[in-house]
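In this text the structure is predicted, and so the values were computed from the model without any measurement. Excluded from the calculations below are hydrogen atoms, water molecules and symmetry mates; all remaining heavy atoms, backbone and side chain alike, are included.
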Amino acid sequence: MRDAIDSIDRDIVRLMAERGTEVKRAARFKTTTAGVAAPHRVEEVIANVRSLATRMGLAPRIAEAAYRPMIAAFIDVEREAFAAQQASDAEGPEAADGPPAPP
């Protein structure tokens, strides 16, 4: 049973890593820091997670208890990605590609 639980944990962490990648990608499309954390969207996600949990035989409170802090952590990741993107944009294209090639 321990191996089965460990395997499930690996799947959960792998999926969280994929979520993190998508969150960072989403930061590129935000126009403000405030746009990163949309409270209405958080509530939509929670409602969806609760519904999925019910359909899958998991108590919705357990899914919500796991998801709320995870969403908060991913919002922090997205804010960091947004800030890094803004800093990169402010430095101009040379910052991303390095100095111009000599003539």
Side-chain angles (χ1 to χ4, degrees):
M1 290 185 71
R2 287 182 183 156
D3 289 343
I5 291 169
D6 289 347
S7 177
I8 292 167
D9 287 341
R10 281 190 298 277
D11 290 342
I12 290 168
V13 172
R14 179 185 52 78
L15 291 169
M16 288 174 63
E18 288 178 27
R19 191 179 202 284
T21 297
E22 294 304 317
V23 163
K24 290 175 189 173
R25 288 181 58 212
R28 293 187 296 197
F29 300 100
K30 304 297 169 77
T31 57
T32 66
T33 303
V36 170
H40 71 281
R41 178 65 181 132
V42 170
E43 294 311 313
E44 288 174 7
V45 171
I46 293 298
N48 186 48
V49 164
R50 289 180 63 86
S51 177
L52 287 168
T54 298
R55 288 195 305 254
M56 293 179 180
L58 176 67
R61 67 181 173 76
I62 293 172
E64 182 173 350
Y67 252 78
R68 283 205 183 269
M70 183 180 73
I71 290 171
F74 278 120
I75 287 171
D76 290 344
V77 167
E78 190 172 358
R79 281 187 178 132
E80 291 165 5
F82 178 81
Q85 180 64 42
Q86 295 301 306
S88 176
D89 289 350
E91 293 174 3
E94 295 82 25
D97 299 329

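- The side-chain heavy atoms of Arg2 and Ile5, taken from C-beta on, include no pair separated by under 4.5 Å.
- Residue pairs meeting the side chain to side chain donor-acceptor pair (under 3.5 Å) criterion with at least one partner in residues 69-79, sequence neighbours excluded, are Lys30-Glu78.
- Smallest separation of non-hydrogen atoms from Phe74 and Arg19: CD1-NH1, 3.4 Å.
- With values rounded to the nearest 0.5 angstrom, Met1 atom CE is found 12.0 Å from Asp6 atom CG.
- Put simply, the residue from Asn48, Val42, Val45 that forms a side chain to side chain contact (heavy atoms under 4.5 Å, CB included) with Tyr67 is Val45.
- Counting heavy atoms of neighbouring residues, nucleotides and ligands inside a 6.0 Å radius, atom CZ of Arg61 does not exceed 12 of them.
- Closest heavy-atom contact between Ala27 and Ala81: CB-CB, 3.8 Å.
- Remark: Arg25 pairs with Glu22 by the salt bridge (charged side-chain N to carboxylate O under 4.0 Å, His left out) rule, at least two apart or across chains.
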Going through the distances and angles, do Arg41 and Glu44 end up as a salt bridge (charged side-chain N to carboxylate O under 4.0 Å, His left out)? CA-CA 5 Å; Arg41 178 65 181 132; Glu44 288 174 7; 3.4 Å; yes
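- Once rounded to the nearest 0.5 Å, the distance linking CZ of Arg68 with CD of Glu43 reads 4.0 Å.
- In the hydrophobic clustering of ILVMFWY residues, with side-chain heavy atoms under 4.5 Å counting as a link, Met56 and Met16 come out apart.
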Please lay out, stage by stage, how Leu52 and Arg55 fare under the test side-chain contact (heavy atoms from CB on, under 4.5 Å). CA-CA 5 Å; Leu52 287 168; Arg55 288 195 305 254; 2.9 Å; yes
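- In this structure, Glu64 CD and Ile71 CD1 are separated by 9.0 Å, a value rounded to the nearest 0.5 Å.
- When hydrophobic clusters are built by joining Ile, Leu, Val, Met, Phe, Trp and Tyr residues whose side-chain heavy atoms come closer than 4.5 Å, directly or via intermediates, Leu58 is not grouped with Val49.
- With hydrogens and angles disregarded, a donor-acceptor distance shorter than 3.5 Å links the side chain of Thr54 to the backbone of Arg50.
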